[in-house]
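Heads up, the thing below is written out as structure tokens.
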Amino acid sequence: MIKHSAPLILLGFSIFLIHCKKRKEEQLNESLYDESMSSSLVFYKGVDSTYTAAGGSPHGPFKLKFNTTASAALTDNGRLPAGSSFPQGSLIVKELYSGNLLTTYVVMKKDKESRFRSEGDWVWGEYKADGSLIYSAGNKGMSCIPCHTSGSVRDYTRSFDLH
Ligand code: HEC
């Protein structure tokens with residue numbers, strides 16, 4: 001009896017593990033979306049500007065924001081000094097606009113504790129303004145990293161040499 005139920009127990013356990021991973025992924029996407037909307041984020045160079053996408057960017061017109069942990073590292077005239085890295089906990093949010101309408105949050109967060117981190121400890125996600133998912137952090141930035149490692153790059157970011 002016990003012998004025959006072993007495969008079932010294993011199957012049940014695998015489903016349970018997959019479920020847990022999915023739930024963790026959902027929670028991460030929810031928290032990245034919430035953090036993207038935080039009113040404590042600061043604008044790039046302290047100015048509320050809309051930038052035109054450059055450098056082959058797929059993102060369109062945008063505003064650029066940082067949490068206080070990330071902004072503390074912007075010591076080269078508001079930029080990350082070439083060759084240095086963002087500290088753990090840094091959050092970078094690109095708000096995409098269509099006219100005056102905020103449509104999308106594109107997010108990078110530095111988190112070495114996350115099981116969904118990729119190279120450089122970055123976690124990558126993209127959400128519509130209403131919170132619905134465009135690009136899950138569970139993908140570990142696979143579609144993002146090729147661009148964010150080509151051209152002039154500062155710790156996987158592109159803006160500092162373009163804007
Ligand atoms: C085709 C190239 C390309 C792809 C793919 C891409 N990006 Fe970007 N990204 C850029 C460029 C170039 C910039 C610099 C700002 C600009 O001009 O748009 C940028 C800027 C950013 C920024 C602001 C910080 C920085 O790097 O300057 C974030 C956050 C970001 N991208 C997240 C993502 C995420 C998340 C993905 C994947 C879902 C992604 N990007 C995919 C090219 C790309």
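Counting starts at 1 for both ligands and their atoms, in listed order.
Closest heavy-atom contact between T157 and F86: CG2-CE1, 3.8 Å. Taking both residues in full, the closest heavy atoms of A129 and L102 are given as CB-O, 3.4 Å, listed atom of the first, atom of the second, then distance.
Counting only heavy atoms of the protein, atom 16 (C) of ligand 1 lies nearest to H163 NE2, 3.4 Å. Of the protein's non-hydrogen atoms, I92 CG2, 3.7 Å is the one closest to atom 24 (C) of ligand 1. Nearest protein heavy-atom neighbour of atom 28 (C) of ligand 1: M108 SD, 3.9 Å. Residue, atom and distance of the protein heavy atom nearest to atom 12 (C) of ligand 1 are A54 O, 3.2 Å.
For ligand 1, the atoms sitting less than 4.0 Å from at least one non-hydrogen atom of G125 are 35 (C), numbered in the order shown with element in parentheses.
With a 4.0 Å cut-off on non-hydrogen atoms, L64 touches ligand 1 through its side chain and not its backbone. Residue-level proximity to ligand 1 for S143 is carried by the backbone, the only part with a heavy atom below 4.0 angstrom. At a heavy-atom cutoff of 4.0 Å, ligand 1 is contacted by the side chain of F62 but not by its backbone.
Protein contacts to atom 8 (Fe) of ligand 1 involving N, O or S atoms at a distance below 2.8 Å are H59 NE2, H148 NE2.
E25 and S136 form a side-chain donor-acceptor contact under 3.5 Å, judged by distance and modelled atom types alone. Residues Y97 and E95 bring a donor and an acceptor atom of their side chains to less than 3.5 Å of each other.
Residue G60 places no heavy atom under 4.0 Å from ligand 1.
The same ILVMFWY cluster, assembled from side-chain heavy atoms under 4.5 Å apart, contains both M37 and V107. When hydrophobic clusters are built by joining Ile, Leu, Val, Met, Phe, Trp and Tyr residues whose side-chain heavy atoms come closer than 4.5 Å, directly or via intermediates, L96 is grouped together with F66.
In this structure S143 satisfies the side-chain hydrogen bond (donor to acceptor under 3.5 Å, both in side chains) test together with Y135, sequence neighbours excluded. For Y156, the side-chain hydrogen bond (donor to acceptor under 3.5 Å, both in side chains) partners at least two apart in sequence or on another chain are E119. Taking the side-chain hydrogen bond (donor to acceptor under 3.5 Å, both in side chains) definition, one finds that E30 meets it with nothing, sequence neighbours left out.
Separation of the Y44 and F62 ring centroids does not fall under the 6.0 Å cut-off.
Screening D121, D111, T69 against Q88 for a side chain to side chain donor-acceptor pair (under 3.5 Å) leaves a single residue, D121.
Considering both main-chain and side-chain atoms, S159 comes within under 3.5 Å of ligand 1 through a nitrogen or oxygen pair.
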